[in-house]
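Pasting a structure here, questions to come.
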Number of protein chains: 2
Amino acid sequence: MPTDTTASARARASDELREVALEHFATVGFGASSLQQIADHAGYSKSSVLYHFASKEALLEAAIGPSIDALEDLLGDLIEFRRSPGERGAFIDRFVDFLLANRLAVHTFVNQGQSLRGIPVIERANVAINRLAEAVCADEATAAEQVRFGVALGGAAFILATGNLYRGDAPELPEDEVRTALVAVLSELLLPVPAGRPDRAY
Amino acid sequence: MPTDTTASARARASDELREVALEHFATVGFGASSLQQIADHAGYSKSSVLYHFASKEALLEAAIGPSIDALEDLLGDLIEFRRSPGERGAFIDRFVDFLLANRLAVHTFVNQGQSLRGIPVIERANVAINRLAEAVCADEATAAEQVRFGVALGGAAFILATGNLYRGDAPELPEDEVRTALVAVLSELLLPVPAGRPDRAY
DNA sequence: CGGTAGCTTGACCGATCGGTCAGGGACTGC
DNA sequence: GCAGTCCCTGACCGATCGGTCAAGCTACCG
């Protein structure tokens, strides 16, 4: 490792490349990202990228795999306490924390999960999302419930990656405010009707 | 195919190509779509695509431009009746109709509007979405309101393009049920708190 | 000091990218 | 019959794609 100061140069380069790659995958999409662009943006050569990661798909796996692991852990816990509205609220808290800690990865596999079928890590993500949907929606899943879940998932993934909401002058929303707002919105969308939902136009 | 039966062959081929291209742009993304794939999928040659549309960007413009026109018309009307909750509800009705009639185009410019900056038609879409945000959120826009709008927009765009919600066995939700569900969800998200919103966990 | 392992790189590969261009076949008007 | 227009296409262009390979460099170990 040339001119290594702290940890191994391998780990440092890998981390930098993973991070830059994730940013590209989330913003311009996996298919539209080139190894050359990622390498340039990270300050390495394309060959270096392919030294640390066997292929473009392997780089994707390294970039979003850990986030999917975390999601699977979350789902494992979810199986235990089911159904009770209070515990669902607690799950939403944890879920929002997960979203905030994995913004780019979530946006990547939520919005590209359909088109990247066949890539193992994406398949894993799709299975996890499917399990999440089954756990959140009732098993008999009315159309309304599926729409609520889809809007919650897609909406959260969207807002997490779209920093300032198309407003060029935006002041970059503070994370804790986003967190509380997101918990509130997802609670409204996913919690079984808490007595006072304004039932207009159903 | 030069054997023209009904309308002009130009118009028919253009329509087919626009449709196929829009499907590709919405699903795999503009940058990851190739003219060759679009041509193959439509049953034409790549040269034919570039005969009908001067460039890949021109094809994008043709594919989503009309939808953006419709959105701009919708916004023009929105300026007139502002603020009153009842009229906002009526606007949501019309907006959902617009979403359902322009599923793929909406998904395309909502989810790729950030990464495709510089393309004129995308710039136009971003301006329209920005205007929509300013009209829906209050001008002073709390973080919670911006999150609500973002979740509503991103969530709607997501669910419109993601046909069966990751569930391989899904029975393809009927459009009218999706419509009513979407109106209900967007009303909850965007209508100023209608007296009885369950204010949990704020 | 020589050897070796780890990290980086440029040169190179075949395939594909968006785009240009010169035609070819089918139809119309003369 | 012939010119012209319209629609479509294959051949071709330079650039870039993901990926391979061998060489070079630094650091450490004997």
Side-chain angles (χ1 to χ4, degrees), chain A residues 1-22 24-25 27-64 112 115-116 118-122, chain B residues 1-22 24-25 27-64 112 115-116 118-122:
Chain A
M1 51 212 73
T3 320
D4 189 14
T5 49
T6 58
S8 88
R10 150 170 273 128
R12 189 172 42 99
S14 291
D15 288 350
E16 291 174 0
L17 289 171
R18 264 195 311 107
E19 194 171 338
V20 171
L22 180 55
H24 272 74
F25 293 157
T27 54
V28 309
F30 177 75
S33 301
S34 78
L35 295 177
Q36 188 70 66
Q37 292 169 7
I38 294 169
D40 290 349
H41 195 278
Y44 290 90
S45 71
K46 188 180 67 171
S47 300
S48 244
V49 178
L50 287 161
Y51 168 78
H52 289 281
F53 305 95
S55 67
K56 197 183 173 186
E57 284 193 12
L59 181 53
L60 177 67
E61 148 79 41
I64 71 173
Q112 303 176 51
S115 61
L116 299 183
I119 301 178
V121 69
I122 293 292
Chain B
M1 50 282 288
T3 310
D4 189 16
T5 49
T6 58
S8 92
R10 151 171 272 127
R12 189 168 44 95
S14 290
D15 288 350
E16 291 174 1
L17 288 170
R18 263 195 311 109
E19 194 171 336
V20 171
L22 180 55
H24 272 73
F25 292 158
T27 53
V28 308
F30 177 76
S33 301
S34 79
L35 295 178
Q36 188 69 65
Q37 292 169 8
I38 294 170
D40 290 349
H41 195 276
Y44 290 90
S45 72
K46 189 179 66 171
S47 300
S48 244
V49 178
L50 287 160
Y51 168 77
H52 289 281
F53 305 96
S55 67
K56 197 183 174 187
E57 285 193 11
L59 181 52
L60 176 67
E61 149 80 41
I64 70 174
Q112 304 176 51
S115 60
L116 299 183
I119 300 178
V121 69
I122 292 292

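Chain letters run A, B, ... following the sequence lines, proteins first, then strands; residues in each count from 1. Just so you know, these numbers use all the heavy atoms, side chains as well, and skip hydrogens, waters and symmetry mates.
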Quick one: does B:E16's side chain have a donor or acceptor within less than 3.5 Å of a partner on B:Y44's backbone?
no
Rounded to whole Å, the CZ-C1' distance (A:F53 to C:dT8) equals 15 Å
Separation of D:dC17 atom P from A:H24 atom NE2, nearest Å, is 11 Å
Run the salt-bridge test on A:D15 and A:R18 with the 4.0 Å N-O cut-off and return the result as yes or no. yes
Among C:dC17, C:dG18, D:dT9, the one nearest any side-chain atom of B:S45 is D:dT9
| query | What nucleic acid atoms does B:L50 come within less than 4.0 Å of, heavy atoms only: base, sugar-phosphate, or nothing? | reply | base
Separation of C:dT16 atom C1' from B:D40 atom CG, nearest Å, is 12 Å
Side-chain donor or acceptor of A:K46 under 3.5 Å from a matching atom on the base of D:dG19? yes
Here the distance between atom C1' of D:dA15 and atom CD of A:Q37, to the nearest Å, is 13 Å
d(A:S55 OG, A:L35 CG) to nearest 0.5 Å is 8.5 Å
Notebook entry, point to check: Any N or O donor-acceptor pair linking the side chain of B:S47 to the base of D:dG10 at under 3.5 Å?
Noted result: yes
Check your understanding: Can you find a side chain N or O atom of A:H52 that sits less than 4.0 Å from OP1 or OP2 on C:dG6?
Key -> no
Judged by atom type as modelled, is there a donor-acceptor pair below 3.5 Å linking the side chain of B:K46 to the main-chain atoms of B:S34? no
Separation of C:dC12 atom C1' from A:Q36 atom CD, nearest Å, is 14 Å
Taking only N and O in the side chain of A:S55, is any of them less than 4.0 Å away from OP1 or OP2 of D:dG18?
no
Looking only at C:dT8, C:dC17, D:dC8, the nucleotide nearest the A:Y51 side chain is C:dT8
Less than 4.0 angstrom between a side-chain N/O of A:S48 and OP1 or OP2 of C:dC7, yes or no? no
**Request:** Give one of base, sugar-phosphate or nothing for B:S14, where a contact means two heavy atoms less than 4.0 Å apart.
**Result:** nothing
* Asked: When you measure from the side chain of A:Q37 to the backbone N and O of A:H24, does any donor-acceptor pair fall under 3.5 Å?
  -> no
When rounded to whole Å, the CG to P distance for the pair A:L35 and C:dC13 reads 20 Å
To the nearest angstrom, the CZ-P distance between B:F30 and C:dC17 comes to 14 Å
Between OH of A:Y44 and C1' of C:dT9 the distance, given in whole Å, is 13 Å
